[in-house]
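Data block below; observations after.
Sequence lines set the chain letters: A, B, ... in the order given, protein chains first and strands last, and positions in each chain run from 1.
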There are 2 protein chains.
Amino acid sequence: MSAKQPTIKEIAKRLNISISTVSRALHDHSSIGLRTKTRVKELAKELKYEPNQAAIFFQQRKTFTIGVILPFLSELFFSSAISGIEDVAVKSQYTVLLGQSRDDANREKHIIETMKKHRVDGIIISISKHTTNYEHFNRLRQSGIPVVFFDCIPNMTDIHYVACNMVSGTVQATSFLLKNGHRVIGLINGPEKLYASKQRQEGYQIAMSKHRLKYDPSLIVNSDLTKEGSRKAVKELLEHKRKVTAIVTFNDYVALDAMQYADAQQVAINKDVCFVSYSNLPMVEYLKYSPMASVEQNPYLQGQKATEMLLELLQKKEEDQTDNSSYKIIIDSHLVEYKQ
Amino acid sequence: MSAKQPTIKEIAKRLNISISTVSRALHDHSSIGLRTKTRVKELAKELKYEPNQAAIFFQQRKTFTIGVILPFLSELFFSSAISGIEDVAVKSQYTVLLGQSRDDANREKHIIETMKKHRVDGIIISISKHTTNYEHFNRLRQSGIPVVFFDCIPNMTDIHYVACNMVSGTVQATSFLLKNGHRVIGLINGPEKLYASKQRQEGYQIAMSKHRLKYDPSLIVNSDLTKEGSRKAVKELLEHKRKVTAIVTFNDYVALDAMQYADAQQVAINKDVCFVSYSNLPMVEYLKYSPMASVEQNPYLQGQKATEMLLELLQKKEEDQTDNSSYKIIIDSHLVEYKQ
DNA sequence: CTGTTAGCGCCTTCAA
DNA sequence: TTGAAGGCGCTAACAG
């Protein structure tokens, strides 16, 4: 069955011309006689010739492949992001090599090794929540593989990244609640170490001080982002000595668990306690309870931007422009209010 | 910055030995002196030598890459499937090259071309709903690239595939409703051409005849799987001259839209009309309305099985076992009943 | 306009 | 135990 693929060598032999002539004819090189060109192209079609990219990649030291490493594909944020990545990549003839870290630092490291072996041209990554050692990223830099971080970004200097400014979104979210008369507002944040958590806290504090309210640290609790963690967190807020009337949650998934728990405690969702969240999940319209508003993080756009940035870096690299500046794109998050 | 990667040639030169000796030393070839071996290995480590897989791939005509083509990553079914695929692939040192067809036949074709160019070792694909021309699959076969279909499978002979037996699940789903006393049961099916639709219809008919009820074709309506299509479909059933008391929907997304429409028409969900569906979405617990039961299709398992099958085919191919049999795995679907 | 040659990095006979 | 040489498929100088 699988007859082995024809090569330009084969074509050359059959046509009694040299290999390079065939190569040039196939590439519409200017200095090739029309006659030979047509003959070559016809035979190529007849033989169903297809250039062996593996050989070309090898020869050109370029694979037209970009590695994409994400924690979980099952989260809509990431599947949207990868759509954006893929769209831009495909348009530029690149392909996407995929890896799921599952928020496991070792797995992440292993994936990076594999991608390095596969000689991907560049990498786009949202790092795992448990990655604390950044050595493998440094090694990537040493091997000259450009990396664009997005979403979850390591605390390193001189890196390229696309991020979403969660501060502005959080200010909007908190202000939204303040404008609606709430004064005691809880924040269910993610793990403390996360930059994303710090940003949310910062936004929260900014909004508070803008409204000349003093910041009460006990109103900020952390969830480990598991169902149980979120339930514990909301419990703490509901039992807070001050009467919490509104809660900002780290993301929609946390919000769902928190609201579910609150509901079970006979708390009237968005009446006794109002919820505002992040992610803007499309499932909202079908949900039993949805937050009153959610901060859109534009994952698709982030994916696009990250890819564009990476492609630009690759371009620069090819042109050998030693450019040591680090690229940053900050996308603004914004609040989306839902109709009740 | 990016100093170019060292090669075995480089190592050989520095050590004043031949390239092949280095190659053998690195591979722990039996006939290499311990001294040279250690020297080579040490220098390799020092230089941070890493074999250039692109070269090896080229040389071995194998990329350790499998192409995975799916309609939408954003559907949980597919993101689960790809998790299964990736898990198995990673364990066998393979990498996943990703492509989203977005249910667009042209895009699908284009992706396949790209993957062929990239010389993927094999392909796993759930074909787009709008793919009617199967020529590109035949061409894949001609180029000797093994393909394993899963989920959405083309109507071709002699293909390898992993599928979910939707007939059994549908029989269970319909029987579940019949046992609960329903007699006039509607089916919102997908596009007629789809094999998945045919299977559902078959299961529906089997269940009916098992219960000695006669089959009424007007109770089966089709949705194009858009929100509008599903709303139209459920409208037709709700206005049916016979009083429809239960509806089986093509999948959970269809169910959501159908239930939403029904609710707006003052129909009491799962009281006036009961819903049963497919997919078993994990979001169920947070939904306003959920079907009473859903047919689990085990996407993760399907992904695993498909990958195992593909790896086996690759193995066979390597060992040059000309085996023309076509592999099929049918996974049983089963009904999951939800607590109300 | 076309052919010749060298080489990308690695593995693998064949010789020594 | 080691070295030399060839070749995977293709591109790109360098010659004609």
* Asked: So which one's nearest nucleotide on DNA chain D is more toward 5', Phe58(B) or Ile17(B)?
  -> Ile17(B)
* To do: Nearest-nucleotide wise, let me know which of Ser23(A) and Lys9(A) is further upstream toward the 5' end of DNA chain D.
  => Lys9(A)
When the distance from [atom1] of [X] to [atom2] of [N] is rounded to whole Å, what number comes out?
X	N	atom1	atom2	value
Lys13(B)	dG3(D)	NZ	P	16 Å
Ile8(B)	dA4(D)	CD1	P	14 Å
His27(B)	dG9(C)	NE2	P	16 Å
Gln60(A)	dG7(C)	CD	P	18 Å
Leu34(B)	dT2(D)	CG	P	10 Å
Lys117(A)	dG9(C)	NZ	P	19 Å
Lys37(B)	dT2(D)	NZ	P	11 Å
Ile11(B)	dG9(C)	CD1	C1'	12 Å

* Establish, yes or no, whether a centroid distance under 6.0 Å links the rings of Phe57(B) and His118(A). => yes
* Asked: Which part of the nucleic acid does Thr7(A) contact within heavy-atom distance under 4.0 Å: base, sugar-phosphate only, or nothing?
  -> sugar-phosphate
* **Touch class at under 4.0 angstrom, heavy-atom based, for Phe57(A) against every strand present** => nothing
* Of the nucleotides dC10(C), dT2(C), dT2(D), which one has an atom closest to the side chain of Gln59(B)? -> dC10(C)
* Choosing from dG9(D), dG3(D), dC10(D), which nucleotide comes nearest the side chain of Ile56(A)? -> dC10(D)
* Asked: Any N or O donor-acceptor pair linking the side chain of Ser20(A) to the base of dT5(C) at under 3.5 Å?
  -> no
* **Pair of N/O donor and acceptor under 3.5 Å linking dG3(D) base with Arg24(B) side chain** => yes
* Classify the angle between the aromatic ring planes of Tyr94(B) and Phe64(B) as parallel (below 30°), tilted (30 to 60°) or perpendicular (above 60°). => tilted
* Asked: Is Ser128(B) reaching over with its side chain to a backbone N or O of His130(B), donor-acceptor style, under 3.5 angstrom?
  -> yes
* Asked: Quick one: is Arg35(A) getting a side-chain N or O under 4.0 Å of the dC1(C) phosphate, OP1 or OP2?
  -> no
* To do: Give a yes/no answer on whether the side chain of Ser18(A) brings an N or O atom under 4.0 Å of OP1 or OP2 in dT2(C).
  => no
* Should the heavy atoms of other residues, nucleotides or ligands under 6.0 Å from OH of Tyr195(B) be counted, would the total exceed 12? -> no
* Within a radius of less than 6.0 Å around CG of Asn155(B), do more than 12 heavy atoms belonging to other residues, nucleotides or ligands occur? -> no
